[in-house]
Amino acid sequence: MLEKNKMSLFSLVMLGLSSIIGSGWLFGAWEATTVAGPAAIISWIVGAIVIGAIAFNYVELGTMFPESGGMSHYAQYSHGSLLGFIAAWANWVSLVTIIPIEAVAAVQYMSSWPWAWANWTNHFMHNSAISNRGLLVVFLFIIVFTLLNFWSVKFLTRFTSFIAIFKLGVPLLTIILLISTGWHPANFGHSMATFMPYGSAKIFAATSVSGIIFSYNAFQTVINVGSEIQDSKRNIGRGIAISLGISIVIYLLLQVTFIGAVSPTIIAKTGWHGLNFQSPFADLAILLGIHWLAVLLYLDAFVSPFGTGVSFVASCARTFAALKQNQHMPAIIGRFNAQYHIPRVAMVINALVSMLLVSIFRSWGTLASVISTATLIAYLTGPVTAMSLRKMAPNFKRPVQSRWLKVMAPFSFVLASLATYWAMWPTTIKVIGVILLGIPFYIYYEYRRHWQDTWAQVKGSLWLIIYLALLSIISYVGSSAFNGRNWLHYPYDFVVITVLALIFYYWGVVSRFRSQYFAQAEAINQTVKD
């Protein structure tokens, strides 16, 4: 692809913002508050630290290997095909679930339209979940998301740049108006007990179960279009840092705004746990008498999910297409359109899978938990791969190379492990089960390839397989704050996970080996400009 046709830094930041500022801003603050109360502010900071630490590893990997769908390849470069397949499959599960969750967000806001002419939308939700009628509208959104990606990256960047500007303006306007119209400082509490009414454990739980990890996760959109970026060795890191930094500030301000804008009489009646909003910020605007802002928010409930949904159709298609490159998926999945360089077959399959997922998981909160957990499982391989490649290939070109990786890699592995635990039982075991559904594909293609080096691939991934099993057990026996049996009390559960994480991180690093995919990594790295 010619350099002039690639994404500029501005387009990259807009793509990142368009992905990150999605339905998370519409629902995340409310969901987090019902879990942690005013202390949800800390949850957003914790989530930012978790994702920022994880992204630290992927900036180095992304600049080393500027390729489309890159996050589906890194683990196989250092540990072979099985670990690469598990990481790529988990990442794909998380990405393909983002497509329907953005459609669900738009439809949920539609269901609370207050106008008489819009009564037909009021049946889109039933018992806090998408109804059968609403499901058809969700399907329509998914189809539109897909069609907008069917032609050229150039069209995608123009669309997302326009959407991102709008998506930044509406949250900022909401923050200003809600704070200036209805602000209740007493909502933040007058003591530690009233600031964190449900205890410190719920601060951590909120990061995974309230969509906080999900909201920040979209930084990987920048990684997955690596080969389509101008001056990728500089702009990948910049694009992630700028888009993630702006998003963190906006999400924190939104959380503070939501807590301060809720009427104290409502809190006195229901408590933070009992807050029940269908369209959180729009409902607050109506309660405060700012009806024109509510209309704007209903409009943005289309625009924000649209921008993120469209962006992730592109990212998810490249991730799915990349699964073919480790020879454990049908070749047709990895086929790119010659004219537009877009994996159209992968896009269509993703749309169908998205429709199936939303037919099973019909609420925004459930989908957010699935996404967070699957993402974190995929991210467990990033720190291990980054450090393994430091040892395996010290002479590889590294446009971004930090001396802090030796500390940040194990630190981010521990954080990803803890955040997986925070998703609560039984979400952990359910998502791990969904990820294991991909293993039959791997086994079938290994059989077709006459089991070449299969045992070496198993040894390269055994550390993660055993670790996921142990995380599931700890989730089951863990503290009641995270829905466990409370045989392992809080905060000792955190101590156990931290110790195990460090052990399995170092096991993962020593499990590295040079498979046939290492030569592929070497060839891609040679294309990096000094």
Side-chain angles (χ1 to χ4, degrees), residues 23-24 27-28 31 35 47 50 85-104 127-130 135 138 201-202 204-215 217 316 319-320 350 352-381 416-442 461 464-488 493 497 500-501:
S23 60
F27 294 99
E31 293 270 7
V35 174
V50 171
F85 181 87
I86 294 171
W89 184 268
N91 194 42
W92 173 70
V93 168
S94 72
L95 291 178
V96 79
T97 312
I98 290 176
I99 300 170
I101 198 175
E102 297 303 324
V104 165
N127 293 333
S128 300
I130 295 293
L135 195 62
V138 170
K202 291 300 183 182
F204 300 106
T207 62
S208 292
V209 302
S210 303
I212 292 175
I213 294 291
F214 153 67
S215 297
N217 171 55
C316 185
T319 300
F320 194 38
N350 285 341
L352 295 174
V353 172
S354 296
M355 293 178 187
L356 176 62
L357 283 169
V358 76
S359 299
I360 300 170
F361 304 109
R362 296 199 180 193
S363 74
W364 190 91
T366 304
L367 289 167
S369 293
V370 170
I371 292 166
S372 298
T373 311
T375 299
L376 290 162
I377 290 170
Y379 285 161
L380 287 172
T381 63
S417 301
L418 286 168
T420 302
Y421 173 71
W422 299 339
M424 297 192 186
W425 178 271
T427 301
T428 43
I429 189 66
K430 285 181 179 179
V431 176
I432 289 171
V434 170
I435 291 168
L436 292 178
L437 288 176
I439 297 299
F441 286 99
Y442 181 86
S461 60
L464 181 63
I465 295 170
I466 294 175
Y467 188 49
L468 291 178
L470 284 175
L471 279 178
S472 298
I473 293 170
I474 294 171
S475 181
Y476 178 72
V477 304
S479 63
S480 56
F482 300 95
N483 223 23
R485 299 298 299 270
N486 210 36
W487 298 344
L488 183 61
D493 46 356
I497 289 172
L500 280 175

Does W89 have its ring centroid less than 6.0 Å away from the ring centroid of F441?
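They qualify: ring centres under 6.0 Å apart.
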
State the [atom1]-[atom2] distance between [X] and [Y], to the nearest 0.5 angstrom.
X    : Y    : atom1 : atom2 : value
L464 : L468 : CG    : CG    : 4.5 Å
I371 : I101 : CD1   : CD1   : 4.0 Å
T97  : F361 : OG1   : CZ    : 8.0 Å
L380 : T375 : CG    : OG1   : 11.0 Å
S354 : E102 : OG    : CD    : 11.0 Å
I497 : L418 : CD1   : CG    : 5.5 Å

What are the two closest heavy atoms between [X] and [Y], and how far apart are they?
X    : Y    : answer
S479 : D493 : OG-OD2, 2.8 Å
I212 : A206 : CD1-O, 3.7 Å
A481 : K202 : O-NZ, 3.1 Å
A87  : T381 : CB-OG1, 3.6 Å

Using distance alone, with no hydrogens and no angle criterion, decide if Y379 and T420 have a side-chain donor and acceptor under 3.5 Å apart.
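No - no donor-acceptor pair under 3.5 Å links their side chains.
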
List the residues meeting side-chain contact (heavy atoms from CB on, under 4.5 Å) with A378, not counting sequence neighbours, and say none if there are none.
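A90, N91.
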
Could you check whether any side-chain heavy atom of W422 comes within less than 4.5 Å of a side-chain heavy atom of V50, counting everything from C-beta outward?
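Sidechains of V50 and W422: in contact.
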
Can you find a heavy atom in the side chain of I439 that is under 4.5 Å from one in the side chain of I86?
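Yes, their side chains come closer than 4.5 Å.
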
Is the backbone N or O of [Y] less than 3.5 Å from a side-chain atom of [X], with the two atoms forming a donor-acceptor pair by type?
X    : Y    : value
S475 : L471 : no
N483 : W425 : yes
S208 : A419 : yes

Of all residues at least two apart in sequence or in a different chain, which pass the side chain to side chain donor-acceptor pair (under 3.5 Å) check with S363?
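S363 satisfies side chain to side chain donor-acceptor pair (under 3.5 Å) with T366 once adjacent residues are dropped.
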
Test side chain to side chain contact (heavy atoms under 4.5 Å, CB included) applied to W92 and V353, step by step:
CA-CA 11 Å; W92 173 70; V353 172; 4.1 Å; yes

Please evaluate residues V35 and V209 with respect to the criterion side chain to side chain contact (heavy atoms under 4.5 Å, CB included), reporting the C-alpha separation (whole Å), side-chain torsions for both, the decisive distance (0.1 Å), and the verdict.
CA-CA 9 Å; V35 174; V209 302; 4.1 Å; yes

What's the verdict on side chain to side chain contact (heavy atoms under 4.5 Å, CB included) for S417 and Y467, showing C-alpha distance, side-chain angles and the deciding distance?
CA-CA 10 Å; S417 301; Y467 188 49; 2.6 Å; yes

Under the ring-ring contact (aromatic ring centres under 6.0 Å, His included) test, residues paired with Y421 that sit two or more places apart:
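For Y421 the ring-ring contact (aromatic ring centres under 6.0 Å, His included) partners, ignoring immediate neighbours, are F482.
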
Stepwise side chain to side chain contact (heavy atoms under 4.5 Å, CB included) check, T428 with I474:
CA-CA 10 Å; T428 43; I474 294 171; over 6 Å; no

